[in-house]
4 protein chains.
Amino acid sequence: MATESSRPIRARNPEEKQQRRSEILKAAERLWENTPYSELSMNQVAREAKLAKGTLYLYYDTKEELFLSLLNEHLQAWFTDVQDLIKAQPVTSAAQITDVLVASLRPHLSLRRLILLLSTVLERNIKPDSSTEFRRLVRRNLHDISQQLDLPPEVTFRILSHLYALVLGWHEASEAKSISYPANDQEKPKYERPDFETEIALALRAIVPVLMAEQTS
Amino acid sequence: MATESSRPIRARNPEEKQQRRSEILKAAERLWENTPYSELSMNQVAREAKLAKGTLYLYYDTKEELFLSLLNEHLQAWFTDVQDLIKAQPVTSAAQITDVLVASLRPHLSLRRLILLLSTVLERNIKPDSSTEFRRLVRRNLHDISQQLDLPPEVTFRILSHLYALVLGWHEASEAKSISYPANDQEKPKYERPDFETEIALALRAIVPVLMAEQTS
Amino acid sequence: MATESSRPIRARNPEEKQQRRSEILKAAERLWENTPYSELSMNQVAREAKLAKGTLYLYYDTKEELFLSLLNEHLQAWFTDVQDLIKAQPVTSAAQITDVLVASLRPHLSLRRLILLLSTVLERNIKPDSSTEFRRLVRRNLHDISQQLDLPPEVTFRILSHLYALVLGWHEASEAKSISYPANDQEKPKYERPDFETEIALALRAIVPVLMAEQTS
Amino acid sequence: MATESSRPIRARNPEEKQQRRSEILKAAERLWENTPYSELSMNQVAREAKLAKGTLYLYYDTKEELFLSLLNEHLQAWFTDVQDLIKAQPVTSAAQITDVLVASLRPHLSLRRLILLLSTVLERNIKPDSSTEFRRLVRRNLHDISQQLDLPPEVTFRILSHLYALVLGWHEASEAKSISYPANDQEKPKYERPDFETEIALALRAIVPVLMAEQTS
DNA sequence: TATGAATGAGATTTCATTCAT
DNA sequence: TATGAATGAAATCTCATTCAT
């Protein structure tokens, strides 16, 4: 009786388990929004999910698996957004492609931060299975998008790879507070801190035509 | 003689201290070449440098400071390489600039890995001083290079920012073994894994002219 | 079965936790019997208790807390002994009180050594809570004893304070090997090293009547 | 030239060395007045003495030796005071002896704190030589005093031993802030904190006659 | 399945002491 | 003799992960 409020209901069947995984993910998500990875402990996630630390490990083998899963979610959400945008309007020219891609990124700040993680932290402690699943997800969406854009998959792949690199690189260069300026720093930076979207748009607009041109050769 | 191996020479004057810092850095460097950050312990660095653990902390306050310092070294080495390359041959066109920059990166694999670190791990546990020093180094070299290239500093800054983003982004996409394919994976990637240098060259060649053109407007 | 030696049983409910605390205390106790405080490391305690170092810190915040707890135990044991002795025989005269107190100390060598610690080392690194708990223990027992002796609490308090001072002072003067005589010392001490019990008895026998007399005035 | 102000003059001959020892002792003394032993680092002593840490160790082998030396000084000063007091007025009765001893302690707070140290910390890390020297000092003064008081040395020895025990014990009970009451503690101690001098006087007054009487038996 | 105590590795700090210069 | 860098042991703390219940 007293236990009901203090203990979560046991997840017995697969659906309940999936539900539980999802709750954990949502908890991690909430914390991730305003906590950097290194300061975000499994303990906190457990507390936020109202579960015991050990329970987390029934659903995710490692901290990295948990965050890779989070990345999966966000990536899928973004892929969906991209596809929706393409469906909503004709996208054929290089400029249109660029615009759609740049616009699609706007609401996905968390994804951008997660992508940085992938490259460093998430490399380790990942089961081959999770890694395979991740690549499968990317491949599947890549394929769908290349069909929608009516481009050869190789070209789509390179475009998105460049986008990925730009997102990863520019995220850090523009938004991360890393090596930040102390409040009283006399040597203020002379140049504007570059804007994520502007620079990515500029770069993509320059790159995409080249990639599209290469296919014909 | 026998003593030589048992105790390091004491670093008394500033030069010797700098020397000792440098030795520690070299030890960290050797380990860094084949050990990921998270598996590289201060204990190991101490052993490799043939110093006591406590001594390390006389020279570097935290693990992060140590690696930021390593990044500093590599960055300076690269900046020097870039400047040497520019001196060695006329570099005026966008294509020439791109070629020089791309070529300069070739021997700096460690730098590329370190840059990834900066964006995630090195954000934390860094004294404002170290952060300031880091930015000063970047600024100084940026200034020098912009003079050599006879370009407005803002343009140089943006070019290098794009280079930075591309390095950061493409490093991960091409060389990192992250989310790697298990040996027995049936689903071999259909597309060639993109090549770091090729893609960066392609992108930079497309971007630099745009940036140089913007200045006149 | 084989597991029994590799991992301690987990302390889940409060009683088991108290049990675990007590085991740690017993381990500390065993070491304390033949190791001076400064040479007794938390590492050793952990090994002796067959626990990981970190586990110790789940139960005791600092080395000082651990030893204050040890003192608590011993003090309580002694207080209990005193009360049992008083119950066992009529104790009314000053002489009887003295005899009981002196006799009660005999088996508590560890307590005497701990009391010395209290005055120097244990002052530091103690949470207010622990300090309060310690004083509460003293007060409670003081109260009980004064009731048993049918003396005003103030008198009991002063008698025990003198006993405390004498124990602290004479412990050092008689048993401690401090500033000990080297084996080959020509200057043998001319006088007998005073005996702890004799001197305390002598002093207490002289003091107690005075204190008891003062109450009537 | 510049060195003169920044470096102490070299102590070459024995007098200069003694002088240097004395300076170190004075530095330690100044710090000891308001710093507990455990918080008083050799580094601080070195700074206070305007010497390098290593130099301290040319004059004192260990931290304990240094503080034993400090104790020596204070003890000698007190012995001298006692002897001066005895010379200044007739001291024959037990009461007079007690009064003189109690009065003599008044200005020697530092000594009282040092005596506590002796019993715990100073036991260790002491060369036999220092220990011998310490006992020699005690013996010499004991002898002188017993002559002045015209008492058998054994009796003087026991009286002073009791005094020592009382000082040690009551110092802790009355002055030390150990296990102190937090400011907002509701459970204020019901009884007055006993006064060092009052209690020692009371005890000594009761004990000395007994000891003096025993000699005749 | 759920729990949270236990683990153990590693980072960091402090400090008495040693030793090359 | 004087120096202060180097040592190394120990305390402390944090955290991902494991495992007995």
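Every chain is numbered from 1, with letters handed out A, B, ... down the list of sequences. Just so you know, these numbers come straight off a predicted model, no measurement behind them.
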[Y] side chain reached by [X] side chain, heavy atoms, under 4.5 Å:
{"X": "D:L51", "Y": "D:I24", "result": "yes"}
{"X": "A:E65", "Y": "A:N125", "result": "no"}
{"X": "B:T62", "Y": "B:M42", "result": "no"}

Separation of [N] [atom2] from [X] [atom1] (nearest whole Å):
{"X": "D:I24", "N": "F:dT1", "atom1": "CD1", "atom2": "P", "answer": "12 Å"}
{"X": "A:L66", "N": "F:dA16", "atom1": "CG", "atom2": "P", "answer": "11 Å"}
{"X": "B:E16", "N": "F:dT3", "atom1": "CD", "atom2": "P", "answer": "18 Å"}
{"X": "D:E64", "N": "E:dC15", "atom1": "CD", "atom2": "P", "answer": "15 Å"}
{"X": "D:Q19", "N": "F:dT1", "atom1": "CD", "atom2": "P", "answer": "16 Å"}
{"X": "A:L58", "N": "F:dT17", "atom1": "CG", "atom2": "P", "answer": "14 Å"}
{"X": "A:E65", "N": "F:dA16", "atom1": "CD", "atom2": "P", "answer": "15 Å"}
{"X": "B:Y60", "N": "F:dA6", "atom1": "OH", "atom2": "P", "answer": "13 Å"}

C:T35 side chain vs C:L31 backbone, donor-acceptor pair below 3.5 Å: yes
Exactly one candidate in D:Y37, D:Y60, D:F134 meets ring pair (Phe, Tyr, Trp, His ring centres under 6.0 Å) with D:F67; the answer is D:Y37
Ignoring hydrogens and angles, are the base of E:dT7 and the side chain of C:K53 linked by a donor-acceptor pair under 3.5 Å? no
Kindly give the heavy-atom pair with the smallest separation between B:E73 and B:L25, and that separation in Å. CG-CD2, 3.2 Å
Can you name the closest pair of heavy atoms from C:A27 and C:V45 and give their distance? CB-O, 4.2 Å
Is any NZ, NE, NH1 or NH2 atom of the basic residue among A:K26 and A:E23 found under 4.0 Å from an Asp or Glu carboxylate oxygen of the other? no
Taking only side-chain nitrogens and oxygens of B:Y57, does any of them come within less than 4.0 Å of OP1 or OP2 of E:dT12? yes
Which nucleotide, [options], lies nearest any side-chain atom of [X]?
{"X": "B:T55", "options": "F:dT7, E:dT17, E:dT12", "value": "F:dT7"}
{"X": "A:Y59", "options": "E:dT1, E:dT17, E:dA5", "value": "E:dT1"}
{"X": "B:L51", "options": "F:dA6, E:dT17, F:dT12", "value": "F:dA6"}

I want to confirm an ordering. Mapping C:G54 and B:K63 to their closest nucleotides on DNA chain E, which one lands closer to the 5' end? C:G54
Rounded to the nearest 0.5 Å, the CH2 atom of A:W32 sits from the CD atom of A:E48 at a distance of 15.0 Å
Nearest-0.5 Å distance, OG of residue A:S130 to CG of residue A:L66: 11.0 Å
Map C:D61 and B:A52 onto DNA chain F by nearest heavy atom, then report which one ends up closer to the 5' terminus. B:A52
Which dot-bracket string describes DNA chain E (Watson-Crick N1-N3 plus N6-O4 or O6-N4, or G-U N1-O2 and O6-N3, all under 3.5 Å; [ ] crossing; | other strand)? .||||||||||||||||||||
For DNA chain E, which residues of residues 38-49 of chain D approach it to below 4.0 angstrom with any heavy atom? D:L40, D:S41, D:M42
